[in-house]
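Below, chains carry the letters A, B, ... as their sequence lines are ordered, and counting in each starts from 1.
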Amino acid sequence: MKSRSLMVFALLAAAACGGKKPAETPPPAPAPAPIDSTAIKAQMRQDSIDAAEARARAAAEAAAQLQVQLSAQLTALIHFDFDKSDIKSEDQANLMRKAAILKANPALSIQIAGNCDNRGSDEYNLALGNRRAAAAQRYLINQGVAAGQISIVSYGEERPVDPANSEAAWAMNRNDQFTPTAGGNNLMAPK
Amino acid sequence: MNRLLITGLLLAAASPLVAQDPAPPIDRGVRVGISYQPGTRPRLVMLPGPGLDSVRAIVGRDLDYSDRFEVLPLEPGGSTVTSAVNYQLYRTLGADYGIEVRADAAGVVVRLHDIGGGTVRQEQPFAIPAESAPEFRMAVHRISDEAVRWVTGTPGVAATRLLVLIDKRAYRVDSDGAAMTAVTPAAETILSPTWSPDGRSVAYTKFLDGTGPIMLQDLATGRSQRVAGTESQLNITPAFSPDGRTLAFARTDQQGGTDIYAVNVVDQCCLRRLTVGRFADNLSPTYAPDGRRIAFVSTRPGTPQIYAMSSDGTDQELLAPYDYGATGASNAPEWSPDGASVAFHRDIDRSPQVFILEVGSRRFKQLTSSGRNSDPTWAPDGRHLAFVSDRSGRQQVWIIDTETGRIRQIGLFGQVRLPHWSRRLGGVAR
C-alpha cells in the first residue's frame with residue numbers, strides 16, 4: 001500500500017515535469033551538438049521512478065525482514081536435558097528476546113507447548129512437558145511479561161520434531177515450542 | 001521333546017490323528033522363562049469331531065494360552081470320527097483331559113472327558129451365533145473360560161479384550177490377538193484408552209490444541225461425550241473405580257503442576273481434587289479392587305515413584321520402596337484384580353522393566369530384564385499380565401503368565417502402546 005502510493009506520487013511528479021515545454025529561443029551559432037532534451041527528460045523521469053520504487057521496496061523489505069526476525073525470535077525453540085525442566089543458560093538470551101517482544105506487543109499472546117523425547121514413560125512425559133512449558137512461562141513472567149499473555153500446554157512425546165531414535169533426535173525433541181495465539185501480525189520491535 | 005515323543009507315537013499308531021506343527025500362531029521360540037516343568041500341568045487334548053473346526057481351533061488355542069494345561073496338538077477333524085472316545089489311545093499320549101465339542105440344535109455341546117478314568121466329567125450346551133456373526137468369537141472364548149473352570153475351579157480369561165494405542169488411535173483386540181477393531185475415529189489423536197469395568201465403554205484423553213478433555217465413549221453406539229470437569233486444561237491417565245461410578249484422572253495446570261482428581265461419571269458431577277502437588281506431579285491413578293485405595297505416581301521424591309492414598313485423597317504414603325538417588329523412575333502402576341499386588345515399570349539403566357510389588361509385604365519381583373518393557377496391565381485372573389516390549393525389534397504387546405513365566409506376543413501392525421486389559425466380558429461369572 002505504502003509503496004503503491006509512493007509510486008503514484010513519483011509518476012505524477014514525472015508527468016508534471018514532462019508537461020512543461022521550454023520556451024523556444026533562436027539557436028546560437030555555432031550550434032553545439034543537438035541535445036535530445038526529450039530523451040534526457042524521459043531518463044530523469046525513469047530514474048526518479050526507479051529511485052522511488054527502490055526506496056519503497058527497501059522499506060517494505062526492511063519491514064518484512066523485521067517481522068520475519070521478530071517472529072523467528074518469538075518462536076525459536078528452547079531445549080532441555082533428559083528428564084529435566086530447568087532453563088539452560090544458553091537459552092536465556094533467547095527467552096530475554098521473547099520477553100522484550102511480548103512486552104512491546106501487549107496484544108500479543110502465545111502458547112508454550114512442552115515436549116519430550118520418547119524414552120520416558122508415555123504418560124509421565126505429559127506431566128514433564130507441562131513442567132517444561134511452565135519453566136519458560138515463569139521465566140518470561142519474571143522478565144515482566146503479563147501472565148495473561150501466556151498459556152501453556154504439554155504434548156508429552158506425541159509431537160516429535162524428529163521421529164528418529166537417536167541422541168540427536170531426542171535432544172531436538174526435548175523442547176518448548178512457542179506459538180502466537182493472538183496479535184502475532186505486525187509486531188512492534190522492542191525499543 | 002515331549003512333543004516329538006507324541007508325534008512319534010501318533011505316527012507309529014498310524015491313527016487317523018495326524019501330528020502337526022502347532023498351527024495356531026504361538027511362537028514356541030518365545031517361551032523364554034521356562035520356570036515350569038513340562039508335566040506339572042495337566043495334559044489336555046482337543047478331541048476331533050465332525051465340523052466345528054474353527055470352534056475347536058479357538059478353544060484349543062485359548063486353553064493353551066490359559067497356561068493351565070499342556071495342550072497336546074492334534075489335527076482337527078480327522079478322517080474317521082467315531083462317537084466313542086478312544087480313552088486308551090489318549091492315555092497312551094499321556095493326556096489327562098479331553099475336550100469334546102459337538103454340534104447340537106442351539107449351538108454346541110461341550111464335554112470334558114477324564115481320560116484316566118474314562119468318564120465324562122462335565123457336559124454343557126452352549127448357544128453360539130453363526131460363525132459370521134460379530135459375537136461368534138467371544139461366545140467361543142466363553143466356552144474356553146468355562147472349560148478352564150471345570151478343571152481348575154476358576155474361569156479362564158479368553159473372553160476378554162485389550163485396548164491398545166497404535167499411532168494415536170485406540171483399537172481393541174481379543175485376548176488371543178484376533179479381531180482387531182478400531183475404537184476411536186482416525187482423525188483424532190488420543191492417549192491412555194481405558195476400559196470401564198463392565199466393558200461397555202472406554203475413556204481416553206483426546207488431544208485438542210491447547211486442551212485435552214477426557215472422553216467417555218459407548219462402544220455399542222460409538223458415541224462419545226466429554227467427561228464433566230475436563231473441559232479445560234490437559235486431562236490425562238483416566239482410571240475407573242471398580243464400581244464404574246467414579247473416574248479418577250490427572251490434570252496438568254497452568255502453573256506446571258499435575259494433580260489427581262475424581263469425578264462422578266454417572267451423574268457427571270462432583271469433581272474432587274485428591275492431591276495437592278505444589279512442587280510435585282501426581283498422575284496415573286489406579287484403584288484397588290475394593291475401591292478404597294488408589295495407587296499413583298508422584299514426583300515428590302524428585303523422580304517419579306509409586307505412592308498410594310485413600311480414594312478421598314487422605315492417608316498418602318509411599319507404596320513401592322526406592323533408594324533415593326539410586327532407584328530409577330517408576331511409573332504406570334496398575335493394581336491387580338485380587339488386590340494383592342501392584343504392577344508397574346521401573347527404569348533400570350534407563351530401560352523400563354516390569355515389576356510386581358506385593359502390597360502386603362512390600363516385596364518386589366522383577367518380571368523382565370531384556371529390552372524395554374513397560375506399561376503392565378492385569379488380566380482379570382490376576383495371574384497374566386500384558387505389557388509393551390521391544391524385544392522383537394518392534395514395540396509390541398506381550399502377555400506373561402506370572403506363574404510359569406511363559407510369554408507370548410500379540411502380533412499387531414505398527415508400534416503398539418499403552419495396553420489396558422478388560423475385565424471378563426459378557427456375563428461370565430466371576
Query raised in the report: Would you call A/Glu157-A/Arg174 a salt bridge at under 4.0 Å N-O?
Result: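 The answer is no: the pair does not qualify as a salt bridge.
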**Report entry** Side-chain ion pair, B/Arg169 and B/Asp167, N-O less than 4.0 Å
**Finding:**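 Between B/Asp167 and B/Arg169 there is no salt bridge, as every charged N stays at least 4.0 Å from the carboxylate O atoms.
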Which answer fits [X], side chain, backbone, both or neither, if we ask what part of it has an atom under 4.5 Å from a heavy atom of chain A?
| X | answer |
| --- | --- |
| B/Ser374 | neither |
| B/Asn282 | neither |
| B/Gln255 | backbone |

Query raised in the report: B/Asp390 and B/Arg417: salt bridge (charged side-chain N to carboxylate O under 4.0 Å, His left out), yes or no, with the steps?
Result: CA-CA 11 Å; B/Asp390 66 357; B/Arg417 299 195 287 158; over 6 Å; no
Which atoms of [X] are under 4.5 Å from chain B, going by heavy atoms: the side chain, the backbone, both sets, or neither?
| X | value |
| --- | --- |
| A/Glu123 | both |
| A/Arg132 | neither |
| A/Ala133 | neither |
| A/Phe82 | side chain |

Query raised in the report: Any donor and acceptor pair, going by atom type alone, linking the side chain of A/Lys98 with main-chain N or O of A/Ala76 inside 3.5 Å?
Result: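 Indeed, once roles are kept as given, a pair shorter than 3.5 Å links the two residues.
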Query raised in the report: Does A/Asn173 reach the main-chain N or O of A/Val161 with its side chain, forming a donor-acceptor pair under 3.5 Å?
Result: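 Looks like yes, one N/O pair under 3.5 Å.
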Query - Most chain A-contacting option - heavy-atom pairs closer than 4.5 Å, from B/Thr189, B/Asp375, B/Asp253 - result: B/Asp253
Query - Greatest number of heavy atom pairs closer than 4.5 Å to chain A - which of B/Asp209, B/Thr303, B/Thr205 - result: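 Most heavy-atom pairs within the cutoff with chain A belong to B/Asp209.
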Query raised in the report: Looking at A/Val153, A/Ile150, A/Thr181, A/Asp83, which has the largest count of heavy-atom pairs under 4.5 Å with chain B?
Result: A/Val153
Query raised in the report: Taking A/Ala134, A/Ser151, A/Ala127 one by one, which has the highest count of heavy-atom pairs under 4.5 Å against chain B?
Result: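 Answer, by heavy-atom pair count under 4.5 Å with chain B: A/Ala127.
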Query - Pair B/Arg346, B/Gln305: side-chain N/O donor-acceptor within cut-off below 3.5 Å - result: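 B/Gln305 and B/Arg346 do have a side-chain donor-acceptor pair below 3.5 Å.
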Query - Test: B/Arg300 cationic atom under 6.0 Å from B/Tyr307 six-membered ring centre, within 45° of axis - result: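 Verdict for B/Tyr307: a cation-pi partner in B/Arg300.
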**Report entry** Candidates B/Trp378, B/Trp335, B/Phe355 - the one meeting ring pair (Phe, Tyr, Trp, His ring centres under 6.0 Å) with B/Phe344
**Finding:** B/Phe355
